[in-house]
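Below, read A as the first sequence line, B as the second, and so on, with proteins coming before strands; counting in each chain starts at 1. The analysis underlying the following values was restricted to heavy atoms, covering all of them including side chains, and did not include hydrogens, waters or symmetry mates.
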Amino acid sequence: MSQIKYQSPRGTHDLLPEEIDKWRFVEATFRSLCAKYSFQEIRTPLFEQTELFARATGESSDVMVTKQMYSFVAPDEQSYTLRPEGTAGIVRAYLEHNLSERGPVAKLFYIASIFRYEAPGAGRYRQHHQCGVEMLGAAGPEADAEVLALSRDFLAALGIEAQLKINSLGTPQSRRDYVAKLRAHLEPQRASLSPDSQRRFEVNPLRIFDSKDPRDHAALQGAPRLLDHLAQHDPESLQHFQTLCATLDGLGIGYQIDHELVRGFDYYSRTAFEWVSDKLGAQSTVLGGGRYDGLVEELGGNPTPGIGFGAGIERLLLVREASGASPLEAAPITAFLVTLGEGARAAGAKILAELRANGIACDRDFVGRSMRAQMREANRQRARFTLIVGEDELAVGTVSLKNMESGAQETLELARAIEVLRGVS
RNA sequence: GCGGGCGUAGCUCAUUUGGUUAGAGCGCCAGUUUGUGGCACUGGAGGUAGUGGGUUCGAUCCCCAUCGCUCGCCCCA
């Protein structure tokens with residue numbers, strides 16, 4: 001440990017064999033659900049032109065966000081950035097390949113690495129991994145319900161308990177008026193806000209809702225609510241929200257309306273949602289998403305509605321374990337070849353090849369260990385059978401097949417043993 | 001970016017008011033007679049105590065720095 005010269009960069013992690021099965025489980029669960037919901041996988045480049053992400057993360061905060069991106073100048077002297085989120089690249093691909101021409105609605109999903117230069121914390125890394133979906137071209141609340149139903153099924157399949165919170169942000173226009181109202185409400189108490197929120201008051205008053213400072217909570221008492229504002233000035237958004245709620249009721253998806261659930265960027269509209277868990281301390285969101293009807297246009301396309309969600313795999317696994325979901329184990333191999341003597345050892349490669357040609361997962365000893373050690377290794381790998389080949393067997397062309405669970409052993413021709421092993425593979 | 005805690009074998013942790021060869025459990029390797037695992041027993045390998053400085057006769061232990069992890073704050077696409 002002390003002679004270590006290189007280590008993985010801060011906030012990045014190696015996924016070792018003993019933990020990879022959990023990841024594969026999450027990914028396989030997500031893929032199979034997406035297939036069920038008819039979402040199709042898309043893979044976009046790990047990096048894009050910096051400009052794309054700068055645009056997609058909004059003009060107002062791009063200075064701040066840019067500091068949290070892994071940007072670099074390539075030999076072509078252009079600036080590129082490792083993707084800090086999943087949606088922008090997909091929208092770019094949607095526009096670049098005119099996916100809108102293939103049908104009115106594109107339902108896409110991705111599993112991707114995400115890079116953000118920020119302080120690592122629980123469930124928060126500089127390279128993390130997300131499962132997400134994007135549904136482009138459908139403006140109605142049934143699209144929201146589709147995405148939410150998938151998210152519900154996903155968490156349920158993972159054995160994660162979480163609560164759904166939803167809210168409506170209205171349209172950028174109606175939200176602008178709301179922000180003005182909110183400012184008006186807070187103005188008189190401005191001096192009593194936390195220092196951070198006094199800054200937010202200038203930059204992005206909606207964010208004050210995210211504050212944990214009691215002073216800010218006090219100031220927000222009696223603040224105007226988004227949904228009330230929509231009722232008066234944006235009836236279409238309210239109708240959208242109410243229809244969604246009714247649909248969720250019909251689907252048996254429980255939710256909680258959270259008037260303080262907000263999003264920072266302009267292209268967000270209407271539905272915003274988060275699945276939260278109390279299992280994680282400060283990082284409570286396990287899956288978040290919402291509608292972004294303004295994004296495609298922002299990135300140069302025709303006005304196109306969109307809604308999606310993203311969920312960090314690291315955090316899903318943390319919550320899953322905190323919830324006491326059953327651990328996952330690697331699939332054992334079917335057979336372990338034990339050889340005795342040089343002749344058998346030399347013949348081993350060919351026997352393994354035959355087993356594998358018949359679809360049998362198998363392994364052997366590669367360091368010339370004793371039979372006892374080979375048996376131990378077979379046990380350690382939880383092999384279901386050992387195939388023992390010694391000089392005796394070699395001489396008459398047979399093998400000894402031992403069932404490691406029952407301990408029963410029989411000597412038979414290799415071809416027969418393969419028949420048996422194929423039957424259990 | 002700010003503040004608190006932590007950093008001893010592969011893993012989980014002991015140890016020291018600063019004092020000879022830093023320990024345990026698990027894991028790993030080997031053996032317990034001749035070709036048989038899981039249990040048990042025996043033995044073994046493995047650590048310049050994250051790293052670099054400093055204080056001291058002497059540092060794993062005290063001080064500083066640095067890297068990493070962690071908790072909270074900021075931020076959160």
A:Tyr6 atom OH is separated from B:U51 atom C1', nearest whole Å, by 15 Å
Any chance you could measure A:Asp210, atom CG, to A:Arg263, atom CZ, to the nearest 0.5 Å?
9.0 Å
Give a yes-or-no answer on whether the side chains of A:Ser8 and A:Asp14 include a donor-acceptor pair shorter than 3.5 Å.
no
Rounded distance (Å) that lies between atom P of B:G72 and atom CZ of A:Arg124:
11 Å
Using whole Å, report how far CD of A:Glu260 lies from P of B:C76.
16 Å
No-hydrogen, no-angle side-chain donor-acceptor test under 3.5 Å, A:Thr285 and A:Glu274:
yes
If you find the nucleotide of RNA chain B closest to A:Ile388 and the one closest to A:Val262, which residue's nucleotide is nearer the 5' end?
A:Ile388
Using only side-chain N and O atoms of A:Arg199, determine if any of them is under 4.0 Å from OP1 or OP2 of B:C75.
yes
Separation between CZ (A:Arg364) and CD (A:Glu377), nearest 0.5 Å, reads 12.5 Å
Pick out the pairs of N or O atoms, protein on one side and nucleotides 65-68 of chain B on the other, that lie under 3.5 Å.
from  : atom 1 : to     : atom 2 : distance (Å)
B:C67 : O2'    : A:Gln7 : NE2    : 3.2

Do the side-chain N or O atoms of A:Lys212 get closer than 4.0 angstrom to the phosphate oxygens (OP1, OP2) of B:C73?
yes
Would you classify A:Glu274 as touching base, sugar-phosphate or nothing, given that sugar-phosphate means primed atoms plus P, OP1 and OP2, and contacts are heavy atoms under 4.0 Å?
nothing
Whole-Å distance separating the OH atom of A:Tyr125 from the C1' atom of B:C69
11 Å
Looking across every strand, which nucleic acid part, if any, lies under 4.0 Å from A:Glu391 by heavy atom: base, sugar-phosphate, or nothing?
nothing
I'd like the P distance from B:C75 over to B:A14, given in whole Å.
37 Å
When we call it a touch if two heavy atoms are under 4.0 Å apart, what does A:Gly341 touch: a base, just sugar-phosphate, or nothing?
nothing
Looking only at the side chain of A:His13 (C-beta and beyond, no hydrogens), which of the listed nucleotides B:C69, B:A77, B:G37 gets closest?
B:C69
A:Leu318 atom CG is separated from B:U70 atom C1', nearest whole Å, by 13 Å
Rounding to the closest angstrom, what is the interatomic distance between B:A77 and B:C63 at atom C1'?
43 Å
Result for 5'-nearest mapping on RNA chain B, choosing between A:Ala119 and A:Ser400, is A:Ala119
ring-ring contact (aromatic ring centres under 6.0 Å, His included): pairs with one or both residues in residues 155-191 of chain A, sequence neighbours excluded:
A:Tyr178-A:His229
To the nearest angstrom, the CD-P distance between A:Glu393 and B:U36 comes to 12 Å
For A:Glu405, is there an ion pair with A:Arg384 - N to carboxylate O distance below 4.0 angstrom?
no
Given the C1' atoms of B:G4 and B:C76, what is the spacing between them in whole Å?
22 Å
Specify the separation, in whole Å, of atom CE of A:Met371 and atom C1' of B:U33.
16 Å
Rounded to whole angstrom, note down the P distance from B:G19 over to B:C13.
24 Å
Reckon A:Arg200 has a side-chain N or O less than 4.0 Å from the OP1 or OP2 of B:C74?
yes
Mind checking the C1' distance from B:U42 to B:U33? Whole angstroms is fine.
15 Å
Roughly how far apart, to the nearest Å, are B:A9 and B:G46 at atom C1'?
6 Å
With a non-hydrogen cut-off below 4.0 angstrom, is A:Tyr268 in contact with a base, only sugar-phosphate, or nothing?
sugar-phosphate
Decide yes or no, distance alone: a donor-acceptor N/O pair under 3.5 angstrom between the base of B:G38 and the side-chain of A:Asn379.
no
For nucleotides 27-32 of chain B, which of its nitrogen or oxygen atoms have a protein nitrogen or oxygen under 3.5 Å away, and what is each distance?
from  : atom 1 : to       : atom 2 : distance (Å)
B:C29 : OP1    : A:Arg369 : NH1    : 2.8
B:G31 : OP2    : A:Ser370 : OG     : 3.4
B:U32 : O4     : A:Arg372 : NH1    : 3.0

Between A:Leu206 (CG) and B:A77 (P), how many Å, whole number?
12 Å
Between A:Ser323 and A:Arg320: side-chain donor-acceptor atoms closer than 3.5 Å
no
With rounding to the closest Å, how many angstrom separate the C1' atoms on B:C29 and B:G72?
45 Å
State, without any angle test, whether A:Arg270 and A:Ser237 hold a side-chain donor-acceptor pair at a distance under 3.5 Å.
yes
Verify whether one side chain among A:Thr411 and A:Ser400 offers a donor that lies under 3.5 Å from an acceptor in the other.
yes
For atom C1', what is the distance between B:U12 and B:G53, given to the nearest Å?
31 Å
Side-chain donor-acceptor pair present, A:Thr87, A:Glu134, cut-off under 3.5 Å
yes
Polar side-chain contact A:Gln374-B:U36 base: donor and acceptor under 3.5 Å:
no
Taking only side-chain nitrogens and oxygens of A:Arg207, does any of them come within less than 4.0 Å of OP1 or OP2 of B:C76?
yes
When the ring planes of A:Phe309 and A:Phe154 are compared, do they come out parallel, tilted or perpendicular, using 30° and 60° as the limits?
parallel
Are any of the side-chain nitrogens in A:Glu27 or A:Arg24 under 4.0 Å away from the carboxylate oxygens of its partner?
no
